[in-house]
Amino acid sequence: MSDIKLSIKVIISFLIVIFVSFIVYSIYLINNSPLVVAVIGSSFEKRVLLVEVGNKSSLAKISINEVLVNNNNEPTKVMIQVSNSLKGFIISRNFEGQEESKYNFRDLKSIGLQTNTDPQKQLDKVNKGTSTEDDKIYAITIDNDELIQKVIIKYRFLWLSYKKVITI
C-alpha cells in the first residue's frame, strides 16, 4: 500500500513539474516574440510597403494570419514574397507584371516562416559571402489605397497568438 502511495506521489510530482515547466516556457515565449520585422522599402507616396519578416526561433514555423494597416483596416492587397539573399525583393503594387513574374509572390496564409530566418543573420551571411540560394528570406508586400502609417501583423507560433505593431 505504501508503494502505491509513493508511486502516486511521484506521478503527481512529475505532472506538477511538467505543468510548471509549460507555464514558465509559455511566459518566456510571450515575452520573446520569435517574429523579426523591418520596413525595408516603400513607394514614394507610402501606399506600397515592403516589410521584411523572419523567424528567429529554431523550434517551429510562424504562421501569419492577418496583416492590417492604420486603424485596423484591411489593405487593398497583401502578398508575401519568398526569395533568397542573393536575389532580394521587388517593391511593386502590380504582382503579375513582367518584372514581377521573376519574383515569388504567394498568398499570405500559404507560407509558414521557416525556422532560423532572422533577416539580420541572413544579412550577416551575405556580408561574409556564405549566403546561398537555399537561404530563404521573406517580405510582406502591402498595397493600400491610402498612406500607410501603421502595420499590424497577427501571427501564431506554437500554441500562442501574437500581434506585432509597426509604426511607419
Side-chain angles (χ1 to χ4, degrees), residues 10-42 48-70 72-75 77-91 95 100 102-144 148 150-168:
V10 168
I11 291 172
I12 290 174
S13 297
F14 179 73
L15 291 174
I16 289 171
V17 167
I18 295 292
F19 179 74
V20 169
S21 297
F22 179 79
I23 298 297
V24 168
Y25 189 62
S26 293
I27 291 169
Y28 170 79
L29 287 176
I30 289 168
N31 292 316
N32 292 287
S33 167
L35 182 69
V36 181
V37 299
V39 176
I40 58 171
S42 70
V48 177
L49 200 63
L50 192 63
V51 179
E52 188 170 19
V53 292
N55 181 355
K56 67 181 178 182
S57 170
S58 58
L59 292 177
K61 292 181 183 179
I62 291 175
S63 300
I64 299 176
N65 299 327
E66 187 175 30
V67 174
L68 302 169
V69 295
N70 301 334
N72 292 321
N73 302 324
E74 282 193 31
K77 184 129 182 166
V78 177
M79 300 289 279
I80 188 163
Q81 292 185 56
V82 181
S83 189
N84 62 65
S85 299
L86 303 175
K87 184 175 186 178
F89 304 112
I90 187 169
I91 300 172
F95 301 121
E100 290 80 4
K102 298 174 187 173
Y103 293 84
N104 187 4
F105 286 95
R106 305 286 297 272
D107 180 70
L108 189 66
K109 293 183 181 179
S110 71
I111 297 292
L113 301 183
Q114 298 291 328
T115 58
N116 299 314
T117 54
D118 183 332
Q120 183 58 53
K121 290 186 180 178
Q122 299 298 334
L123 181 60
D124 292 345
K125 282 182 163 185
V126 170
N127 292 337
K128 291 177 184 174
T130 59
S131 183
T132 69
E133 289 184 2
D134 294 331
D135 296 323
K136 289 191 176 167
I137 58 174
Y138 305 92
I140 299 172
T141 303
I142 305 164
D143 178 15
N144 197 44
I148 301 172
K150 181 170 66 170
V151 175
I152 301 108
I153 301 172
K154 296 181 179 182
Y155 66 99
R156 279 190 77 71
F157 178 73
L158 297 173
W159 59 87
L160 297 170
S161 294
Y162 294 84
K163 179 170 82 171
K164 179 84 86 172
V165 178
I166 309 159
T167 304
I168 311 304

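In K87, the NZ atom is crowded: over 12 heavy atoms of neighbouring residues, nucleotides or ligands sit closer than 6.0 Å.
Inter-residue side-chain proximity for L68 and E74 is flagged as met; some heavy-atom pair is nearer than 4.5 Å. Inter-residue side-chain proximity for K61 and Q114 is flagged as met; some heavy-atom pair is nearer than 4.5 Å. Between T117 and Y138, some side-chain heavy-atom pair lies under the 4.5 Å cut-off. Q120 is not listed as a side-chain neighbour of V36, based on a closest heavy-atom distance of 4.5 Å or more. Within the 4.5 Å cutoff, no side-chain heavy atoms of N144 are placed close to those of L49. In this structure the side chain of K164 reaches within 4.5 angstrom of the side chain of S33, judged on heavy atoms.
Atom-to-atom distance recorded for N72:CG and E66:CD is 8.0 Å, nearest 0.5 angstrom. The CD1 atom of I166 lies 4.0 Å from the CD1 atom of I153; values are rounded to the nearest 0.5 Å. Expressed to the nearest 0.5 Å, how far OG of S83 lies from CD1 of I90 amounts to 10.5 Å. Between N70 atom CG and T167 atom OG1 the span is 10.5 Å, to the nearest 0.5 Å. T141 OG1 to L50 CG: the interatomic distance, rounded to the nearest 0.5 Å, is 5.0 Å. The distance from atom CD1 of I62 to atom CG of N55, rounded to the nearest 0.5 Å, is 3.5 Å.
Within the 3.5 Å criterion, the main-chain N or O of S85 finds no donor-acceptor partner in the side chain of Q122. In this structure, the side chain of D143 does not engage the main chain of K77 through any donor-acceptor pair within 3.5 Å. Listed for the N84 side chain is no donor-acceptor partner under 3.5 Å among the backbone atoms of K136.
K56 and N116 make their closest contact through O-OD1, 4.2 Å (heavy atoms, listed as atom of the first residue, atom of the second, distance). The heavy-atom pair separating P34 from Y155 by the smallest distance is CD-OH, 3.9 Å. Heavy atoms only, all atoms of each residue included: R156 and L158 are closest at NH2-O, 3.9 Å. Closest approach of L113 and L35 over heavy atoms only: CD1-CD1, 3.6 Å. Across all non-hydrogen atoms, the minimal contact from I80 to D107 is CG2-O, 3.8 Å.
Of the candidates I137, V39, V37, I137 is the only one forming a side chain to side chain contact (heavy atoms under 4.5 Å, CB included) with E52.
Each ring pair (Phe, Tyr, Trp, His ring centres under 6.0 Å) pair with one or both residues in residues 102-134, not counting sequence neighbours, appears once here: F95-F105.
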